[in-house]
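Every chain is numbered from 1 and lettered A, B, ... according to where its sequence line falls, protein lines coming before strand lines.
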Amino acid sequence: MLRACVRAILVFLVVFFYSGGAAKVVTAGLMTVTGGIAGTILYAKWDHKFRETVEKNVPYSDRLLGLALGPAPQETGLSVKKQVRMCSEKLWLRSKQEKKVKETTESPIEVAKPVTAETAAVSTEIESVAAAEPLKERPVEEVTARLAQQDLDEQEIVASVSGNLDDSLASSAKATLQAIGAQEAALQAIALHTQKLKEAMEAEVPPQEKSTQWKDLEACLANRAAAVNDAGTALLKANEALDNLKSVIDKSKGRNVPAVRPLVLAAEENLHKMVVDLDKVVNKVKSAESEAKVVSQYSELVNEAKLQFQREVSSLTPEIQANWKGLTGKLSTDDLNALIAHAHRRIDQLNRELAEQRVREQIHIDAALEQQKLEYLKSQEAAVNTSLQHIKEDARLEQERKLSELREVMEAEMRTQLRRQAAAHTDHVQDVLKVQEQELKAEAEQVLSSKLLEQETRQRQLSQEQLDNFTLDMNTAYARLKGVEEAIDSHVVAEEEARKAHQLWLSVEALNYTLKTAEAGSPTKPLEVAAQAVRDSCHDNEFALALASALPEESLQRGVYSEASLRARFYGLRSLVRRVALIDESHNSLYQYFLSYLQSALLFEAKQEAPPTQLSGEDLDPFKLLSYASYCLEHGDLELAAKLVNQLTGEARRVAEDWLNEARLTLETRQVVSLLSAYANAVGLGTTQAP
Amino acid sequence: MSEKELGQKWDRCLADGVIKLGTGLGLGIVFSVVFFKRRTWPITLGSGMGLGMAYANCQTDLRLHYLVPKKQWLIHSNHI
């Protein structure tokens with residue numbers, strides 16, 4: 001492209017330098033023009049505004065520029081920088097909104113501190129959702145579904161937990177009751193046993209009952225042992241159950257569901273009570289046991305002493321049986337003496353021991369007191385510990401109870417607040433709904449009314465149309481009927497008309513015939529009679545009457561000349577007109593006459609010449625007119641000939657006047673007659689009915 | 001017939017001319033014989049006068065249509 005331009009320029013320069021003057025100018029001009037165009041194109045390529053102005057102002061430049069540079073580039077609107085700024089602004093707004101959402105969700109959490117776990121869970125979910133999708137609000141259905149789901153879950157949990165708790169409570173209660181029962185039974189058994197033992201020890205009863213007593217005692221002991229065993233197993237079971245309950249309680253505490261709390265609390269209280277009762281009973285049993293132990297020790301000692309004594313007695317008196325108390329009648333005096341001596345000896349021994357004991361009484365008492373103190377301390381400690389534990393447990397339970405109460409109160413308050421808010425919201429919603437209802441009602445009513453109106457108008461239109469159609473049909477039927485009637489009537493009328501038309505035609509034909517009776521040189525017969533006949537035959541027809549009365553008087557009285565006679569006359573007239581061609585108002589001396597005669601002798605014109613459609617100035621020459629008129633006459637056009645002759649002026653006109661009048665008369669008459677005949681023909685045709 | 005008019009006019013002219021010429025001639029002859037010693041000039045004068053009068057009459061007759069006002073012309077034309 002560039003090389004081609006360079007070559008062209010070089011060629012131009014060569015031509016410019018090596019050519020003559022004119023060629024120089026031409027080449028210079030061409031170079032300037034091309035240079036100008038190239039410059040414009042280049043500048044347009046660089047500057048788009050310039051290109052636009054050029055395209056606007058110079059008509060076909062847009063095509064040329066499009067060809068050279070390609071289509072004009074479109075404006076991008078915002079530049080790249082602006083777009084980037086807008087994007088950054090958008091992002092910033094979005095992050096702000098996210099923050100706001102987070103804050104609003106966090107603040108109510110902080111305000112309502114004893115908030116339930118569900119709202120906390122929901123808010124955390126909201127937060128998480130807000131973090132994930134900043135501006136998207138979860139639909140209400142999702143939230144309610146979630147809440148419902150959560151409620152269901154909670155309820156399930158609660159149900160399960162409560163079930164668990166109930167089960168474990170029931171089992172533990174049963175076990176505890178059992179244990180308590182067992183313990184009480186044991187206690188009773190122990191008490192009974194001790195009592196019996198005491199009785200057995202101290203009561204003086206006849207020997208037969210003693211054996212039963214001892215048997216009862218043994219039974220009681222066995223009972224007591226069994227009862228104690230039972231109590232022990234029951235206690236173990238109860239402890240197991242209580243431990244189970246505790247573990248269940250802990251587990252359910254770990255669930256962190258609020259509705260469970262009161263249950264848990266109640267379970268804990270129950271547990272505590274049971275534990276307390278159990279401990280009490282255990283303590284009772286222990287004390288009873290300790291008492292029993294003392295009594296049993298005492299009984300054991302006594303038994304031991306008894307046994308020893310018995311052994312001694314038996315060693316002394318081997319014959320004596322075991323129940324020596326009942327055998328006082330069977331003993332011999334020796335045995336009795338030995339027994340008494342043994343008894344004395346024993347009494348001495350015992351007295352010595354008693355003295356010894358009395359001596360060491362204090363020490364023993366001290367030691368015993370010490371022991372007792374230690375034991376007492378121990379038991380006290382134990383009791384204190386247990387009571388401390390119990391109190392701690394009580395306090396904890398109290399605290400928990402108070403906490404739950406407080407929580408309940410708070411929750412109630414929160415609920416009232418929420419309820420208030422909900423009430424306000426419902427009020428607002430109700431108001432809005434009412435307003436919306438009104439609006440919608442109004443809209444609906446409007447739509448309804450418009451639709452009703454439409455329907456009504458349509459209905460009316462349809463009915464009107466139907467009515468119109470019906471009336472139209474009726475009208476057409478009536479019209480047709482009328483038409484038929486008229487047709488029938490007009491038939492009669494038409495026949496009458498036909499007869500009349502025929503008559504008219506006949507009379508017109510007669511008139512026409514009279515026109516033909518013209519002989520050469522003399523006029524026709526007077527048309528009066530025929531005209532009268534015509535008039536008679538059409539006395540009700542105005543048109544025909546008018547025509548009939550339009551016949552000129554002359555024709556009626558005298559008749560008219562035929563065309564042939566007029567033609568013949570014309571030739572005589574023509575030579576005369578030729579002779580007086582020059583004579584008019586101003587030229588009418590004898591000399592003029594002589595000149596005119598001379599002209600007619602010397603001037604030769606065409607015998608007949610076809611007249612032009614439009615007469616120009618030079619056609620008004622008499623000779624020319626005469627030749628036109630004779631042509632017309634030869635071709636049977638009397639009218640045109642008369643018109644042409646009418647153009648004559650001066651003396652020629654005067655000479656031709658009579659002929660002209662006659663021609664006029666003839667033409668008039670002929671016209672009237674032809675009209676009449678045409679009319680009669682038309683009427684006849686109109687009334688004639690083809691078979 | 002208006003075309004016969006001219007012929008009639010020429011006839012009249014001619015007749016009038018002949019009469020006037022003859023009369024003039026005659027009177028000229030008479031005058032020449034009687035009063036003017038058989039000179040020729042009264043004869044020529046008389047014939048000339050006669051001819052002239054005839055010419056004038058003829059011309060007037062021929063011009064008559066154009067000279068006469070319309071009313072009289074109508075009467076005149078009806079007359080014919």
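Put simply, CZ on B/R63 and NE2 on A/H587 are 11.0 Å apart, with the number rounded to the nearest 0.5 Å.
For A/N661, no part lies near chain B; criterion is any non-hydrogen pair under 4.5 Å. Residue contact with chain B, scored on non-hydrogen atoms closer than 4.5 Å, is absent for A/V577. Contact annotation for B/L6: only side-chain heavy atoms (C-beta onward) come within less than 4.5 Å of a heavy atom of chain A. With a 4.5 angstrom heavy-atom cutoff, A/E662 does not touch chain B via any of its atoms.
In terms of heavy-atom pairs under 4.5 Å with chain B, the best-connected choice from A/L660, A/L576, A/V580 is A/L576.
Remark: A/Y513 OH is loosely packed, at most 12 non-hydrogen atoms of other residues, nucleotides or ligands lying under 6.0 Å away. Atom CD of A/Q557 is surrounded by more than 12 heavy atoms from other residues, nucleotides or ligands within 6.0 Å.
Minimum interatomic distance between B/Y66 and A/R654 (heavy atoms only, all atoms of both residues): OH-CD, 4.4 Å.
Contacts between residues 589-609 of chain A and chain B, defined by a heavy-atom separation under 4.5 Å, are made by A/S589, A/L590, A/Y591, A/Y593, A/Y597.
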Atom pairs and distances, side-chain donor-acceptor, residues 19-43 of chain B, under 3.5 Å, sequence neighbours left out:
from, atom 1, to, atom 2, distance (Å)
B/K20, NZ, B/D16, OD1, 2.7
B/T23, OG1, B/I19, O, 2.5
B/S32, OG, B/R39, O, 2.8

